[in-house]
> 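Have a look at this one.
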Protein chains: 2
Amino acid sequence: MDEIDRQIVMCLGDDARRSLADIGGEVGLSTSAVNERIRRLTASGVIRRFTVDADAEALGLGIAAFVFVGLAADADEAAFRAVAADHPAIVECQHVTGGWNYLIKIRVGSLAGIEAFLDDFKRRRLIARSETMIALSTVVEPPFRPRRERS
Amino acid sequence: MDEIDRQIVMCLGDDARRSLADIGGEVGLSTSAVNERIRRLTASGVIRRFTVDADAEALGLGIAAFVFVGLAADADEAAFRAVAADHPAIVECQHVTGGWNYLIKIRVGSLAGIEAFLDDFKRRRLIARSETMIALSTVVEPPFRPRRERS
DNA sequence: GCTGAAAGAGGTGATAG
DNA sequence: CTATCACCTCTTTCAGC
């Protein structure tokens, strides 16, 4: 992981389809050297995957919301994590410091989708309380990678 | 945007390096047809970019934090947005409903980086108050795309 | 809008330096 | 690491349905 590796990762982040020769020209290496570095970066997990950044709205998931979750004192936290990990609406789920236990970001097609999401988790007794903030507009957003079996 | 387009976007989300023939086999189309659809999806913006999901920790940005921001009553919101849009530490910045104005997710290399981030914005009078939650562990996280000129 | 074939570009893996 | 080569898979294009 030297400076050139970092440059290569940024190049691919901008456009993962650039040719090895093109990247090599930018970072000052031959195509063989760039090829070998990308192979190493991928094998070592610095590059997790090649993917696409999709337009969530075009895929019918135009509404983003942040849900703060409080678990019950006797909650089955492992169960909560397992359900969250596979839930199609969840874009992000982090265990966080502060008064809430988890911060979840979801993407849904309508406001009704937010209610359905909350109902789902509450009915399964996975969360005790929650607070929701709806995203009104975006200044910066990470890539959106659609996941299978999205409701 | 039919069901096949959606399948193609998901295939590419899983692995953007899969060959057209391979994807075609999965969705039931020829390579030419898949190629044409990807071209249209990219041209129309459904696919924003081909990118990589990187390991933030390997890039020295192992700490994630969420910062809730309140602007001053007389704040220059356009200036805040402009600075946020180009700030290297900011991974996400959304205007949200509720008692706070913006929800920001940052990635930094150390806890000192969080303090530096807050100091930067407060010294420039871009934010009036804030509250920070540090991510302790991750259940689900969107792709991380490193941006240039990261401090 | 799709298929199938043909042409071309580019990734891959070897070599020697 | 560079430079070059041969190989070969994959992309791209185009005629035809």
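The structure presented is a predicted model; accordingly, all values stated were derived computationally and were not measured. Lettering follows sequence order; numbering is per chain, from 1.
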> Could you tell me whether a side-chain N or O of B:Arg6 sits under 3.5 Å from a main-chain N or O of A:Leu59, the two making a donor and an acceptor?
no

> Would one find more than 12 heavy atoms of other residues, nucleotides or ligands at under 6.0 Å from atom CD of A:Glu115?
no

> If you count heavy atoms of other groups shown closer than 6.0 angstrom to CZ of B:Arg125, is the number above 12?
no

> If I take atom CG in residue B:Asp15 and atom C1' in nucleotide D:dC10, what distance separates them, rounded to the nearest angstrom?
14 Å

> Quickly work out the A:Leu20 CG to D:dT4 C1' distance and round it to whole Å.
16 Å

> Show, in sequence, the C-alpha distance, side-chain angles and deciding distance for B:Arg48 and A:Asp55, and conclude whether the salt bridge (Lys or Arg N to Asp or Glu O under 4.0 Å) test is met.
CA-CA 6 Å; B:Arg48 291 213 183 93; A:Asp55 180 349; 3.6 Å; yes

> Which ones in residues 26-33 of chain A lie close to DNA chain D, meaning a heavy atom under 4.0 Å from one of its atoms?
A:Gly28, A:Leu29, A:Ser30, A:Ser32, A:Ala33

> What is the distance from atom CD1 of A:Ile38 to atom CD1 of A:Ile23, rounded to the nearest 0.5 Å?
4.5 Å

> Apply the test salt bridge (Lys or Arg N to Asp or Glu O under 4.0 Å) to residues B:Arg37 and B:Asp2: give CA-CA distance (whole Å), side-chain angles for both, the deciding distance (0.1 Å), then the verdict.
CA-CA 11 Å; B:Arg37 279 173 180 259; B:Asp2 58 7; 2.9 Å; yes

> Got a sec? Which of residues 35-49 of chain B come in under 4.0 Å of DNA chain D, heavy atoms?
B:Asn35

> List the steps and the verdict of side chain to side chain donor-acceptor pair (under 3.5 Å) for B:Thr42 and A:Arg17.
CA-CA 13 Å; B:Thr42 307; A:Arg17 284 193 150 180; 5.6 Å; no

> When the ring planes of A:His87 and A:Phe121 are compared, do they come out parallel, tilted or perpendicular, using 30° and 60° as the limits?
tilted

